[in-house]
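Hydrogens, waters and symmetry mates play no part in the numbers below; they use all other heavy atoms, side chains included.
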Amino acid sequence: MELLFVVRLQWPLTDEQFVELCALNPELRFEYTCTGDLIIMTSTGGWTGNRNARLVSRLQIWAETDGSGLVFDSSTIFLLPNRAKRMPDASWVRLDRWNALTREQQDGIPPLCPDFVLELRSPSDRLPELQDKVAEYLTNGARLGWLIDPIERVVYVYRPGRLWSALRLLGISQESRSAQGLC
């Protein structure tokens, strides 16, 4: 096997090193925490990918109707105020905040926390880590966060300054859930 690239990394990673690491490994998905942990994420399975696509599609339809912001999918990395680089499964940013960024910032890793974030639990995700991730978004400026857990059939709703609330999906048949597209 021939070595094609050498990337020298120093901890903590600089923004440039993180971008270079992502560019050299397009088949991988990375996040970088505010404490300096590099997270290499697995790809989703079929059902999780389908659920996520439906959620992003529905969020996009709402955003087009509302007209006050832009939707981003799970491939968008955001640089949060705490310096973490995170990729929510779906997110929405108000237009006035997006338009305040330079074109270079919009084309790169946008230095802002989305106003709305959605995380969809997949079978490989640990619930406490996802709950901490959504809480981190709120600490960094998100105004609303949803964590959808199709495994336990619960939707967690996060708002700034409040404890999260959980909505349990009870008594819903498989056919109804498929029609709703949530779980």
>> Using ring pair (Phe, Tyr, Trp, His ring centres under 6.0 Å), reason through Tyr137 and Trp146 one step at a time and then give a plain yes or no.
In response: CA-CA 11 Å; Tyr137 289 125; Trp146 289 355; over 10 Å; no
> What do the steps show when you test Arg83 against Asp15 for side-chain contact (heavy atoms from CB on, under 4.5 Å), and what is the final call?
Replying inline: CA-CA 9 Å; Arg83 305 300 299 162; Asp15 292 346; 2.6 Å; yes
> Given Arg97 and Asn99, is the side-chain contact (heavy atoms from CB on, under 4.5 Å) satisfied, shown in steps?
Replying inline: CA-CA 6 Å; Arg97 295 184 64 228; Asn99 291 335; over 6 Å; no
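Shortest non-hydrogen contact noted between Ser122 and Ile151 is O-CD1, 3.7 Å. When every heavy atom of Leu101 is checked against every heavy atom of Gln105, the shortest pair comes out as CA-OE1, 3.3 Å. For the residue pair Val134 and Gly145, the shortest heavy atom distance occurs at CG1-CA, 4.1 Å. The shortest non-hydrogen separation linking Thr48 to Leu120 is O-CD2, 3.7 Å. The shortest non-hydrogen separation linking Ala63 to Val71 is CB-CG2, 3.5 Å. Pro110 and Gly108 get closest at one heavy-atom pair: CD-O, 3.2 Å.
Between Lys133 atom NZ and Gln131 atom CD the span is 13.5 Å, to the nearest 0.5 Å. We find the CD-CG distance between Glu31 and Asp37 to be 11.5 Å, quoted to the nearest 0.5 Å. With values rounded to the nearest 0.5 angstrom, Phe72 atom CZ is found 9.5 Å from Gln60 atom CD. Between the CG atom of Leu70 and the CD atom of Gln106 there is a distance of 8.5 Å, given to the nearest 0.5 Å. Note: Leu138 CG to Glu136 CD = 10.5 Å, rounded to the nearest 0.5 Å. Note that CG of Leu112 and CZ of Arg94 are 10.0 Å apart. Values are rounded to the nearest 0.5 Å.
Salt-bridge annotation for Asp107 and Arg103: present, with a side-chain N of the basic residue lying under 4.0 Å from a carboxylate O of the acidic one. A salt bridge is defined here as a Lys NZ or Arg NE, NH1 or NH2 lying under 4.0 Å from an Asp or Glu carboxylate O, and Glu152 with Arg168 fails to meet this definition.
Asp149 places no side-chain N or O within 3.5 Å of a backbone atom of Leu127 that could act as its donor or acceptor partner. For Tyr32 (side chain) and Leu13 (main-chain N/O), a donor-acceptor pair under 3.5 Å exists by modelled atom type. Side-chain atoms of Asn25 come within 3.5 Å of backbone atoms of Leu21 as a donor-acceptor pair (strictly under, hydrogens ignored). A distance-only check finds a donor-acceptor pair linking the side chain of Arg29 to the backbone of Ser74 [under 3.5 Å].
Leu144 has its side chain within reach of Val157: a pair of non-hydrogen atoms, C-beta onward, lies under 4.5 Å apart. Contact annotation: the side chain of Met41 never approaches that of Leu28 to less than 4.5 Å [non-hydrogen atoms, C-beta and beyond]. Residues Ile39 and Arg86 meet the side-chain proximity criterion, which asks for heavy atoms closer than 4.5 Å. Counting heavy atoms from C-beta outward, Pro88 and Phe78 have side chains that approach closer than 4.5 Å. Two residues are said to be in side-chain contact when any heavy atoms from C-beta on lie closer than 4.5 Å; Thr139 and Asn82 fail this criterion. Counting only heavy atoms from C-beta outward, the side chains of Arg54 and Asn50 approach each other to under 4.5 Å.
Both the sub-6.0 Å distance and the 45° axial angle are satisfied by Lys85 relative to the ring of Phe18.
The side chain to side chain donor-acceptor pair (under 3.5 Å) check on Asn52 picks up nothing, with sequence neighbours excluded.
Applying the salt bridge (Lys or Arg N to Asp or Glu O under 4.0 Å) rule to pairs touching residues 59-69 yields nothing, sequence neighbours excluded.
Between Tyr158 and Trp164, the ring-plane angle classifies as tilted under the 30° and 60° cut-offs.
Ring centroids of Trp62 and Phe116 are separated by 6.0 Å or more, keeping the two rings apart.
Grouping the Ile, Leu, Val, Met, Phe, Trp and Tyr side chains by contacts below 4.5 angstrom, directly or via other members, places Leu95 with Val117. Under a hydrophobic-cluster definition in which Ile, Leu, Val, Met, Phe, Trp and Tyr are linked whenever side-chain heavy atoms come within less than 4.5 Å, directly or via other members, Leu118 and Trp47 are assigned to different clusters.
With Met87 as the partner, the side chain to side chain contact (heavy atoms under 4.5 Å, CB included) test is satisfied by one option alone out of Thr76, Ile77, Asp73: Ile77.
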